[in-house]
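Here the structure comes first, spelled out in structure tokens, and everything after it is commentary.
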Amino acid sequence: MFEFQQYLGFLLFLTILTIGFWLMIFLVSFLPYWIGGALFERYKERKNKKKE
């Protein structure tokens, strides 16, 4: 079976894997929303400048 250090290493590996997974989910869901909002704001600013 596992020794204690191997068990801690395995837990560390699972922790890093889980953090990476949730970070990937966060970035995949949040970054397109952020970029899309920034592009929409830039479009509205340019449209208002053309009106003036």
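The figures that follow rest on heavy atoms only: side chains count, while hydrogens, waters and symmetry mates do not. In this chain, residues are counted from 1 in sequence order.
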In Å and rounded to the nearest 0.5 Å, what is the CZ to OG1 distance from Phe10 to Thr15? 10.0 Å

Mark yes or no for whether Glu41, through its side chain, and Ala38, through its backbone, hold a donor-acceptor pair below 3.5 Å. no

Applying a strict under-4.5 Å side-chain criterion to I, L, V, M, F, W and Y, I'd like to know whether Tyr7 and Leu12 cluster together. no

For the residue pair Trp34 and Phe30, categorise the inter-ring angle as parallel (less than 30°), tilted (30 to 60°) or perpendicular (more than 60°). parallel

Could you see if Leu23 belongs to whatever hydrophobic cluster contains Leu31? Use Ile, Leu, Val, Met, Phe, Trp, Tyr and a side-chain cutoff under 4.5 Å. yes

Report the residues that fulfil salt bridge (Lys or Arg N to Asp or Glu O under 4.0 Å) with Glu45, sequence neighbours left out, ordered by chain and then residue number. none

Quick one, Leu39 with Tyr43, criterion side chain to side chain contact (heavy atoms under 4.5 Å, CB included). Give me CA distance, side-chain angles, the key distance, then yes/no. CA-CA 6 Å; Leu39 291 175; Tyr43 169 74; over 6 Å; no

For Lys49, which residues count as a salt bridge (Lys or Arg N to Asp or Glu O under 4.0 Å) partner, sequence neighbours excluded? none

Quick check on the hydrophobic clustering: are Ile19 and Ile16 connected, directly or via other members, by side-chain heavy-atom contacts under 4.5 Å? no

